[in-house]
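Side-chain atoms are counted along with the backbone in the values below, which use heavy atoms only and exclude waters and symmetry mates.
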Amino acid sequence: MRRHPQTLAPLTFTFDRPSVGNVAFEISGWPGEPFAKLVETLTQVLEKRCGAFTCAPSRFPHISLAYASTGAQDIDATALKAQLATIDGPLAGTVLMDRLHLVEQWHAGEGRITWDPLAEIALTGEVAA
């Protein structure tokens with residue numbers, strides 16, 4: 001699990017203005033290809049070691065700002081999008097991804113997502129010994 005990510009150099013992603021999704025406020029980023037390749041490779045490694053599992057559908061660079069919970073169906077998504085559109089100027093910024101955090105994640109009820117950290121892997125661009 002550590003060998004492949006350590007051979008990668010840190011990646012830089014650009015993130016834009018927040019958007020209202022089905023279950024969260026999030027900011028999508030680009031470029032997507034290096035992120036998708038990394039997720040696919042790590043998914044294959046995990047399946048070989050641990051067996052098949054259901055991977056999250058969010059196989060694109062993104063930052064989750066908030067998740068929907070009880071009462072979310074009553075929120076006016078159109079009004080939220082209109083409010084986001086009133087923010088003047090560019091909101092794009094870059095983020096350097098220089099490490100991965102492997103976490104065990106689950107839905108803890110009452111609209112809460114919880115996780116336990118399992119490992120931190122630096123992207124060093126060096127061949128692992």
Side-chain angles (χ1 to χ4, degrees):
M1 187 64 170
R2 291 181 184 275
R3 269 187 233 128
H4 177 70
Q6 288 175 331
T7 65
L8 299 175
L11 303 167
T12 299
F13 295 100
T14 301
F15 291 89
D16 210 347
R17 109 181 4 249
S19 64
V20 179
N22 292 333
V23 296
F25 281 106
E26 63 185 24
I27 304 172
S28 294
W30 67 88
E33 185 179 346
F35 186 87
K37 284 182 179 179
L38 177 60
V39 171
E40 183 59 35
T41 299
L42 295 178
T43 299
Q44 290 172 7
V45 169
L46 282 171
E47 286 182 339
K48 284 180 186 174
R49 294 204 38 120
C50 305
F53 67 95
T54 302
C55 189
S58 54
R59 294 180 179 205
F60 55 90
H62 69 284
I63 299 172
S64 297
L65 301 173
Y67 292 99
S69 63
T70 304
Q73 67 277 7
D74 298 327
I75 293 174
D76 182 350
T78 303
L80 287 174
K81 291 175 184 181
Q83 285 294 314
L84 288 170
T86 66
I87 301 171
D88 289 332
L91 295 179
T94 59
V95 174
L96 177 69
M97 185 179 88
D98 65 353
R99 66 194 66 245
L100 300 177
H101 294 268
L102 178 63
V103 298
E104 181 180 17
Q105 175 183 308
W106 65 94
H107 293 263
E110 297 183 26
R112 290 185 41 209
I113 296 175
T114 305
W115 61 85
D116 282 333
L118 300 175
E120 181 179 312
I121 304 166
L123 304 179
T124 61
E126 300 172 5
V127 177

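- Val20 and Ile87 end up in the same hydrophobic cluster when Ile, Leu, Val, Met, Phe, Trp and Tyr side chains are linked at under 4.5 Å.
- In terms of the ring pair (Phe, Tyr, Trp, His ring centres under 6.0 Å) criterion, Phe25 has no residue partners (sequence neighbours excluded).
- Between the side chain of Arg49 and the backbone N or O of Gln44 there is no donor-acceptor pair closer than 3.5 Å.
- When all heavy atoms of Pro61 and Pro31 are compared, the pair lying nearest together is CG-O, 3.6 Å.
- What you find for Pro10 and Leu96 is that their closest heavy atoms are CB-CD1, 3.6 Å.
- For the atom pair OG1 of Thr124 and CZ of Arg99, the computed distance is 10.5 Å after rounding to the nearest 0.5 Å.
- Met97 and Phe60 are not part of a single hydrophobic cluster, where members link through side-chain heavy atoms under 4.5 Å apart.
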message = Assess the residue pair Leu123 and Leu100 against the criterion (side-chain contact (heavy atoms from CB on, under 4.5 Å)); give the C-alpha distance rounded to whole Å, side-chain angles, the decisive distance to 0.1 Å, and a yes or no.
response = CA-CA 7 Å; Leu123 304 179; Leu100 300 177; 4.2 Å; yes
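- Rounding to the nearest 0.5 Å places OG1 of Thr78 at 12.5 Å from CD of Gln83.
- Here the OG-NE2 distance, from Ser64 to His62, works out to 4.0 Å after rounding to the nearest 0.5 Å.
- Expressed to the nearest 0.5 Å, how far CD1 of Ile121 lies from CG of Leu8 amounts to 10.5 Å.
- Here the side chains of Ile75 and Leu80 are in contact, with some heavy-atom distance below 4.5 Å.
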Mind running side-chain contact (heavy atoms from CB on, under 4.5 Å) on Asp16 and Trp30 for me, showing each step along the way? CA-CA 9 Å; Asp16 210 347; Trp30 67 88; 3.8 Å; yes
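- Leu118 approaches Val103 most closely through the heavy-atom pair CD1-C, 4.1 Å.
- Counting heavy atoms from C-beta outward, Thr114 and Trp106 have side chains that approach closer than 4.5 Å.
- At distances below 3.5 Å, at least one donor-acceptor pair connects side-chain atoms of Arg17 with backbone N or O atoms of Leu84.
- Distance check: Leu102 CG to Leu42 CG gives 8.5 Å after rounding to the nearest 0.5 Å.
- For Trp115, the CH2 atom sits in a loose shell: 12 or fewer heavy atoms of surrounding residues, nucleotides or ligands are nearer than 6.0 Å.
- More than 12 heavy atoms of other residues, nucleotides or ligands shown are found within 6.0 angstrom of CD on Gln105.
- Tracing side-chain contacts under 4.5 Å through hydrophobic residues (I, L, V, M, F, W, Y), one reaches Phe15 starting from Leu65; they form part of the same cluster.
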